Amino acid sequence: MKYISSIHVYILIFLLSSLCFNISLKAEHNTSVDILYKSVSTYVIDSADYLDEKVSRWLGNDDVNNTCLLEPITNIYESNDTDIFFQNNKYLNETRDIYVRLRMDNHYYSRERNKIKFKLSARLPFDRCKKQFQLFFQDENTYADEVKSTDTSDGGVGIRYYEKERYGINSSYSIGLRSQSPYIRARYSFPWKYHSWKIEPVHMFKYSDKYYLEQETNIYFDKSINKEDLFRVQLHRAEGSKQEGIDYGLIFEYYLHAGKNSGLRLRQSFFGNTHYNDVYKNDKNYHGINNYVSSVSWRESILRDWLYYEIRPSVNYHKDYNYKPSYELRFFIDIYFGKYHK
């Protein structure tokens with residue numbers, strides 16, 4: 001296995017060397033890399049348009065004006081610029097961007113072996129049908145976000161349907177396949193404002209033949225600071241048919257706008273379970289917080305507006321290890337093809 005990791009490193013070095021050789025900060029955007037990128041990106045958009053047209057015709061396309069006969073959605077999700085830039089799970093659940101993302105994920109954890117993965121994800125909304133449907137794909141080889149992931153996206157491959165807003169509630173429904181296990185999923189959100197705060201409860205139901213019924217609730221409290229920075233408090237709970245007890249969490253985040261194409265995220269998280277099983281101390285009824293996680297993320301677009309890198313060091317104090325520190329470092333390189341945020 002270590003030989004495979006070495007090959008990944010050599011491939012990465014080769015790709016970065018080739019990129020740096022062909023691109024410089026002041027170079028004109030007509031290098032061989034730019035030509036290749038434009039060709040792939042055009043193919044992604046053309047493929048999405050082709051699928052869009054086929055689906056819209058199947059659902060009742062009007063041949064005269066080439067628009068779907070279904071009623072348009074009058075109120076769609078609007079992710080803020082912070083979620084869009086940092087590509088967090090909330091954005092992945094709500095985005096209407098057309099893109100394919102290639103990600104190199106280098107994951108170092110002090111209690112495990114170093115891991116390097118190349119992952120592919122895609123979002124292909126069908127605009128001719130008023131953005132009601134979306135084809136998605138997400139690599140199954142994903143790692144939890146600083147040990148615990150919240151507001152998780154669909155994963156695997158499938159299709160998502162966006163319902164029109166009803167009584168202020170936004171909803172979406174997904175059917176997909178992940179790890180050879182089919183699943184269905186529903187997500188509901190109810191955003192509203194209270195003075196200078198934007199409050200958004202989000203609830204998800206998911207059923208699969210592997211994990212049976214799972215459900216998760218997240219409540220976001222967002223406050224804009226200086227019109228560019230964002231302070232967020234998140235409450236989390238999750239439970240499942242094959243899970244003992246109920247997971248809960250409290251997360252504080254501060255997103256700092258550091259420049260046109262760069263940003264900083266500070267995060268402090270607290271996680272626990274109502275029926276936590278401490279196998280080391282033979283304590284099966286511990287109800288308190290079992291993990292404290294502190295992390296910092298720096299994300300920046302470099303050389304081109306479709307190329308990003310992100311560095312995310314973190315430290316967690318888990319009850320399994322008697323609250324002794326465990327260190328983690330993640331390094332991402334993202335390449336986007338298609339119509340993505342800029």
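As a basis for the values below, the full set of heavy atoms in this structure was taken, side chains included, without hydrogen atoms, waters or symmetry mates. Computed from a prediction, not measured in an experiment: that's the story for all the values here.
- Here the closest non-hydrogen pair linking Ser181 and Asp209 is OG-OD1, 2.5 Å.
- A heavy-atom distance below 4.5 Å is found between the side chains of Arg237 and His203.
- Within the model, atoms CZ of Phe118 and CZ of Arg103 stand 13.0 Å from one another, a figure rounded to the nearest 0.5 Å.
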Checklist line | Test side-chain hydrogen bond (donor to acceptor under 3.5 Å, both in side chains) applied to Ser269 and Arg267, step by step | finding: CA-CA 7 Å; Ser269 309; Arg267 176 170 175 162; 3.1 Å; yes

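- Between Pro182 and Leu177 the shortest heavy-atom distance is N-CD1, 3.5 Å.
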Note to self: Apply side-chain contact (heavy atoms from CB on, under 4.5 Å) to residues Asn316 and Tyr109 and explain how you reach the verdict.
What the structure shows: CA-CA 11 Å; Asn316 71 81; Tyr109 186 52; 3.7 Å; yes

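- Between atom CG of residue Asn290 and atom CG of residue Asp320 there is a gap of 7.5 Å, rounded to the nearest 0.5 Å.
- Distance check: Arg160 CZ to Tyr173 OH gives 13.5 Å after rounding to the nearest 0.5 Å.
- Here the side chains of Phe190 and Tyr167 are not in contact, with every heavy-atom distance at 4.5 Å or above.
- A 4.5 Å side-chain heavy-atom check between Ile311 and Leu329 finds at least one atom pair inside the cut-off.
- Between Tyr254 and Phe231, the ring-plane angle classifies as tilted under the 30° and 60° cut-offs.
- The side chain to side chain donor-acceptor pair (under 3.5 Å) test with His107 singles out one residue from Arg312, Lys117, Glu328, Arg330, and that residue is Glu328.
- The distance from the CG atom of Asp334 to the OG atom of Ser301 is 10.5 Å, given to the nearest 0.5 Å.
- Atom OH in Tyr207 sits 11.0 Å away from atom CD in Glu214 (nearest 0.5 Å).
- In this structure, Arg101 has no salt bridge (charged side-chain N to carboxylate O under 4.0 Å, His left out) partners at least two apart in sequence or on a different chain.
- Ile169 and Tyr161 end up in the same hydrophobic cluster when Ile, Leu, Val, Met, Phe, Trp and Tyr side chains are linked at under 4.5 Å.
- Within 6.0 Å of OH on Tyr212 lie no more than 12 heavy atoms contributed by other residues, nucleotides or ligands.
- Listed for the Ser241 side chain is a donor-acceptor partner under 3.5 Å among the backbone atoms of Leu213.
- Taking the ring centroids of His257 and Tyr255, they lie at or beyond the 6.0 Å cut-off.
- By the side-chain contact (heavy atoms from CB on, under 4.5 Å) test, Asn226 pairs with Asp229, sequence neighbours left out.
- Counting only heavy atoms from C-beta outward, the side chains of Ser295 and Arg265 approach each other to under 4.5 Å.
- With a 6.0 Å radius and a threshold of 12 heavy atoms from other residues, nucleotides or ligands, Lys242 has its NZ atom above the threshold.
- Smallest separation of non-hydrogen atoms from Leu235 and Phe221: CD1-CE1, 3.9 Å.
- Val296 and Tyr108 fall within a single hydrophobic cluster, where Ile, Leu, Val, Met, Phe, Trp and Tyr side chains are chained together by heavy-atom contacts under 4.5 Å.
- Here Gln268 contributes atom CD and Glu253 contributes atom CD; the two are 11.0 Å apart, rounded to the nearest 0.5 Å.
- The two residues Asn218 and Glu216 come nearest to each other via the heavy atoms ND2-OE2, 2.9 Å.
- Between Tyr188 and Phe205, the ring-plane angle classifies as perpendicular under the 30° and 60° cut-offs.
- Looking at every heavy atom in both residues, Lys198 comes nearest to Pro191 through CE-CB, 4.1 Å.
- Looking at Trp192 and Pro201, their side chains come closer than 4.5 Å, going by heavy atoms from C-beta outward.
- Here the closest heavy-atom approach between residue Ile289 and residue Phe270 is recorded as CD1-CB, 4.0 Å.
- Linking ILVMFWY side-chain heavy atoms closer than 4.5 Å, directly or via other members, places Phe332 and Leu307 in two distinct hydrophobic clusters.
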Next item on the list: Might you work through the side-chain contact (heavy atoms from CB on, under 4.5 Å) test for Trp306 and Phe337, ending with a clear yes or no?
Entry: CA-CA 7 Å; Trp306 43 264; Phe337 303 94; over 6 Å; no

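- Follow the hydrophobic side-chain contacts under 4.5 Å out from Ile246 and you never reach Ile219; the two are in separate clusters.
- Side-chain contact between Leu256 and Leu266: absent, with no pair of heavy atoms (C-beta onward) separated by less than 4.5 Å.
- Counting heavy atoms from C-beta on, the side chains of Val100 and Ile335 never come closer than 4.5 Å.
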